[in-house]
Amino acid sequence: MPLNESLANGLESMARLMDLLGEDSFKSAAHARAARVIADLPGDVAALASDRPSLLALPGIGPKMADKIIEFVTTGRIAEHEALLSQVPPGLLALLEVPGLGPKTVRTLWQQGGVTNLTSLERIIADGSILALPRMGAKAVEKIKANLTFAKSAPTRLWLGRAWTLAETFLARVRDLPGVAQAQAAGSLRRGRDTVGDIDLLVALRPGYESSAHAVGEAFRGAPDVAEVLAAGDTKSSVRVALNHDAGRWKHADGAKAPDHTVQVDLRVVPVAAWGAALLYFTGSKAHNIRLRERALSKGLTLSEWGLFPHDGDATPPHTRGITPVAADTEAHVYAALGLPWIPPEAREDHGETDMPGPWALVDLADIKAELHAHTTASDGLLTIRELAEEAKRRGFHTIAVTDHSQSSSIANGLKPDRLRRHLDAVRKANDEIDGITILAGSEVDILADGSLDYDDELLARLDIVVASPHAALSQDSTACTERLLRAVRHPLVHILGHPTGRLINRRKGLEPDMAALIAAAKEHDTALEINAHWMRLDLRDTHVRQAMNAGCLIAVNTDAHAREDFDNLRFGVMTARRGWVTPDRCLNTWPATKLHAWLKRKGR
DNA sequence: GCCGTTTTCGGCCCGACTGTTTTCAGTCG
């Protein structure tokens, strides 16, 4: 496990243990916040820990937290963490994963009911002794029982691409109903996180159509594949959906049947006058919302999902007292009233975005005019060269790169040198015959385990574009894979490092190279780093993209298209780019044809 | 435990919902 991750887990565990022990909740929250900061850190915490002031410059990291971080980096442990662990039964933390069980309840179960793990919880439910505990009635116990079984089943988060499709089917059912002014996904789906825990949908009703809320809720709950209705109010509905497992292209890759997904979908219905405040609130992140609310208070205002209101000290919520909001109808108005530019959803993670002056100009889906990584029937794609080019043209691209697999990828029908030579001729011929788009002759060349490339330099030099990617030996240790990828990044004929870690989300971890070293080399050798847009990959991941942007690297957002519909995945790659604050000038795929082609020619020549 | 362009001490986001209670504690997002 990478250092950042294990440290973040440790701090998070400390926070949970403090909750269970009933310690100061603000102290616990401070540890939880520090855990999040470390987990999202673009870069290695070990490098920061060697310089205490840079650690203290991080938000939420003060002198005491800095000492704990330094202790962990230098000794691999935090003494205080171990002291906390010794006071709590080891099985108790698992109880916090059960929906509906929070720290207070678990503490009561432990100290007054003798519960130390999931098994002993089940025992006191079975023998009825749980009912003697405070605030434990029949209904509460039924709820715990139901959630226990749910908590034990698959807790994996859903892929962004699958969540997107599911959200669209729900939105389509309600979008055109009478009175619906807006219908949109919020939450981590809108923020473009690589996986989502649940799906949040938001609908706004026009004035006079308040009674439509009922019909909206019914249409929502009547969607296909709804396995269970959890809540059925007029302003809030909640369902669980059973999804068949579908891993796209990797469907049968490991032969094993992966568990089906159960995902919760929540719908909220709000008046259109509060659309902006509600969308802002339900999009999150929670940390971003807290930041905005603190900012509101400092300006004598108070922010909720109902709007931004004057803060008059009255404990009754302002929207229930007929107070007119300062801003509520659009997100932009709320941000403006807080003295901020509109912040793109993908950047709302409390990673310093509220300190940016704006306006924000991140790369946008509409900016993408070139696809630099695509496969044809020559290797494992489904489209011919001509079909691929026509599809790219139809999507408004000025350039498409044909980059079929190289010889070592035999499972993907990789091309031996002689086949590649003939393929290059075919691509060049198609380029001459088809107007309105440039078809580049390239290859997705395997980076072999030792870092050498799968074709010799003489052949590589004949290509218009070289995307070098790791496909095999993906469980190499960190030192070996860093050397391996560095060799590829430094190679003068490589333009783009394709899906740098080879991870498959929810499926395999992939390589864990020294990202800082890789990024520095990419910058030095003018090699672009790919964000592979397939929702199974999203590789580079968001935090590494941000790190690469900070270092001044070039980014390529590629679909790795094998079929026509794969071009639709571009939005997920772009969202990942935006999460890394990528601007169009640093993204190859947005460049005008002349600039892009000149850059490709310049390399290695 | 962190933090400060009114504060280096005394704060620390907001509201809905649920189930337990007779006025509210706990959880969730």
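Worth knowing before you read on, the calculation uses all heavy atoms, side chains too, and leaves out hydrogens, waters and symmetry mates. None of these values were measured; they are calculated from a predicted model. Naming convention: chains lettered A, B, ... in sequence-line order (proteins, then strands); numbering from 1 in each chain.
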Q) Is A:R191 salt-bridged to A:D542, cutoff N-O under 4.0 Å? A) no

Q) Any stacking of A:F26 on B:dC2, going by centres under 5.5 angstrom and planes within less than 30 degrees? A) no

(Q) What's the gap between B:dT7 and B:dC2 when it is taken at their C1' atoms, as a whole Å value? (A) 14 Å

Q | Nucleotide of B:dC17, B:dA16, B:dG1 approaching A:W306 most closely (side-chain heavy atoms) | A | B:dA16

Q. B:dG1 P sits how many Å from A:L11 CG, rounded?
A. 12 Å

Q | Nearest-nucleotide pick for A:H319, side chain only, options being B:dC2, B:dG15, B:dC13 | A | B:dG15

(Q) I need the NE2-P distance between A:H81 and B:dG1, as an integer number of Å. (A) 14 Å

Q. Distance from A:L308 atom CG to A:T302 atom OG1, nearest 0.5 Å?
A. 8.0 Å

Q: Please state the C1' separation for the pair B:dT20 and B:dC9 - nearest whole angstrom.
A: 37 Å

Q. Could you give the distance from OG (A:S188) to CZ (A:R157), rounded to the nearest 0.5 Å?
A. 5.5 Å

Q: Could you check which of B:dC2, B:dC13, B:dC14 has an atom nearest any side-chain atom of A:E294?
A: B:dC13

(Q) So A:L303, base contact, sugar-phosphate only, or nothing? Heavy-atom distance under 4.0 Å. (A) sugar-phosphate

Q.
Can you tell me how far apart CD1 (A:I69) and OG1 (A:T74) are? Round to the nearest 0.5 Å.
A. 11.5 Å

Q: Map A:T320 and A:K64 onto DNA chain B by nearest heavy atom, then report which one ends up closer to the 5' terminus.
A: A:K64

Q: Check the side chains of A:R321 and A:T316 for a donor-acceptor pair under 3.5 angstrom, ignoring hydrogens and angles.
A: no

**Q.** Atom-to-atom span, CD of A:Q112 to C1' of B:dG26 - whole angstrom
**A.** 15 Å

Below 3.5 Å between N/O atoms, which protein atoms pair up with nucleotides 5-9 of chain B? Just atom names and distances, please.
none

Q: Output the distance between atom NE2 (A:H544) and atom OG1 (A:T576), rounded to the nearest 0.5 Å.
A: 13.0 Å

Q | Identified pairing partner of B:dT8, criterion: Watson-Crick or G-U wobble below 3.5 Å | A | none

Q | Protein-nucleotide distance (A:R33, atom CZ; B:dC13, atom P), rounded to Å | A | 10 Å

Q) Going by an N to O cut-off under 4.0 Å, is there a salt bridge joining A:E331 and A:R190? A) yes

(Q) For A:T316 and A:K68, find the nucleotide of DNA chain B closest to each by heavy atoms; which residue's nucleotide sits nearer the 5' end? (A) A:K68

(Q) If I pick the C1' atom on B:dT8 and the same atom on B:dG4, what distance separates them, to the nearest angstrom? (A) 8 Å

Q) Which value, rounded to the nearest 0.5 Å, describes the distance between A:R268 atom CZ and A:L201 atom CG? A) 10.5 Å

Q | Pairwise P distance for B:dC13 and B:dC17, with rounding to whole Å | A | 22 Å

Q) Nearest to the side chain of A:P317, which nucleotide is it out of B:dG15, B:dC2, B:dG1? A) B:dG15

Q: Taking atom C1' in both B:dC12 and B:dT18, compute the distance separating them and give it to the nearest angstrom.
A: 26 Å

Q. Do the side-chain N and O atoms of A:S28 and A:E23 include a donor-acceptor pair separated by under 3.5 angstrom?
A. no

Q) What is the nucleic acid contact for A:D24, judged by heavy atoms within less than 4.0 Å: base, sugar-phosphate only, or nothing? A) base

Q. Quick one: A:D350 CG to B:dC13 C1', roughly how many Å, whole number?
A. 13 Å

Q.
Regarding A:R291 and A:D350, does a basic nitrogen lie under 4.0 Å from an acidic carboxylate oxygen?
A. yes

Q. Are any of the side-chain nitrogens in A:R579 or A:E349 under 4.0 Å away from the carboxylate oxygens of its partner?
A. yes

Q: Measure up the A:H319 and A:W306 rings against each other and bin them: parallel (under 30°), tilted (30 to 60°), perpendicular (over 60°).
A: parallel

Q: Between B:dT21 and B:dG26, how far apart are the P atoms? Round to whole Å, please.
A: 12 Å

Which protein N or O atoms sit under 3.5 Å from an N or O of nucleotides 27-29 of chain B?
from   : atom 1 : to     : atom 2 : distance (Å)
B:dT27 : OP1    : A:G102 : N      : 2.6
B:dT27 : OP1    : A:G102 : O      : 2.8
B:dT27 : OP1    : A:T105 : N      : 3.0
B:dT27 : OP1    : A:T105 : OG1    : 2.6
B:dT27 : OP2    : A:K104 : N      : 3.3
B:dC28 : OP1    : A:G100 : N      : 2.4
B:dG29 : N2     : A:Y281 : OH     : 2.3
B:dG29 : N3     : A:Y281 : OH     : 2.8

(Q) I'd like to know if A:D19 pairs up with A:R16 as an ion pair, taking the criterion as any Lys NZ or Arg NE/NH1/NH2 lying under 4.0 Å from an Asp or Glu carboxylate oxygen. (A) yes

Q) Out of curiosity, A:L56 CG to A:I61 CD1, how far, rounded to the nearest 0.5 Å? A) 8.5 Å

Q | In B:dT7, glycosidic geometry as syn within 90° of 0 or anti otherwise | A | syn

Q: Scan nucleotides 19-24 of chain B nucleotide by nucleotide, 5' to 3', and note B when protein non-hydrogen atoms come under 4.0 Å of the base, S if they reach only the sugar-phosphate, - if neither.
A: BS----

Q) Between B:dG26 atom C1' and A:I144 atom CD1, what is the distance in whole Å? A) 12 Å

Q.
Output the rounded distance in Å from CG (A:L267) to P (B:dC17).
A. 13 Å

Q: Give one of base, sugar-phosphate or nothing for A:S28, where a contact means two heavy atoms less than 4.0 Å apart.
A: nothing

(Q) Could you tell me how far apart A:I290 (CD1) and B:dC12 (C1') are, to the nearest whole angstrom? (A) 10 Å

**Q.** Rounded C1' spacing from B:dG1 to B:dC14 in Å
**A.** 22 Å

